[in-house]
S.K.: 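The structure under discussion is supplied below as structure tokens; questions concerning it will follow.
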Amino acid sequence: MVSNIAMKWSKLLRTSAIETKFMDFDLGTIMFTMEKGQDSLELKELELNQPEAYEIKIGDQVFRQQGDPPFELLLEKHQNDRQRIMPVP
């Protein structure tokens with residue numbers, strides 16, 4: 001699933017004339033490198049408009065849709081909710 005998203009985004013970025021190189025992925029992260037740093041704002045806007053994207057990190061800055069909590073808080077809440085539903089013995 002994540003590899004399919006990475007391929008989709010690579011094609012989308014190419015058609016938007018944003019020069020990136022797909023580097024790697026894991027279950028929660030897709031990593032690209034940019035050929036031109038000046039494209040970072042376009043990259044941010046394009047990626048955050050994708051339904052699969054929750055947040056994007058460029059350098060040390062993390063961007064997400066306005067009002068959304070950090071991903072770590074969302075994950076922690078999900079894990080707490082899951083433990084309440086299915087307690088670990």
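Just so you know, these numbers use all the heavy atoms, side chains as well, and skip hydrogens, waters and symmetry mates.
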S.K.: To the nearest 0.5 Å, tell me how far Gln61 CD sits from Glu55 CD.
M.R.: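 CD of Glu55 is found 13.0 Å from CD of Gln61.
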
S.K.: Tyr54 and side chain to side chain contact (heavy atoms under 4.5 Å, CB included): which single residue from Leu75, Leu48, Asp68 fits?
M.R.: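 It is Asp68, the one option of Leu75, Leu48, Asp68 that forms the side chain to side chain contact (heavy atoms under 4.5 Å, CB included) with Tyr54.
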
S.K.: With Asp81, which of Gln83, Arg84, His78 fulfils side chain to side chain donor-acceptor pair (under 3.5 Å)?
M.R.: Arg84

S.K.: Please walk me through it: do Gln50 and Leu12 pass side-chain contact (heavy atoms from CB on, under 4.5 Å)?
M.R.: CA-CA 10 Å; Gln50 300 308 304; Leu12 182 63; 3.3 Å; yes

S.K.: What's the separation between atom CD in Gln65 and atom CD1 in Ile56, rounded to the nearest 0.5 Å?
M.R.: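 CD1 of Ile56 is found 11.0 Å from CD of Gln65.
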
S.K.: So which atom in Phe71 and which in Arg64 form the shortest heavy-atom distance, rounded to 0.1 Å?
M.R.: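 Residues Phe71 and Arg64, closest heavy atoms: N-NE, 4.4 Å.
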
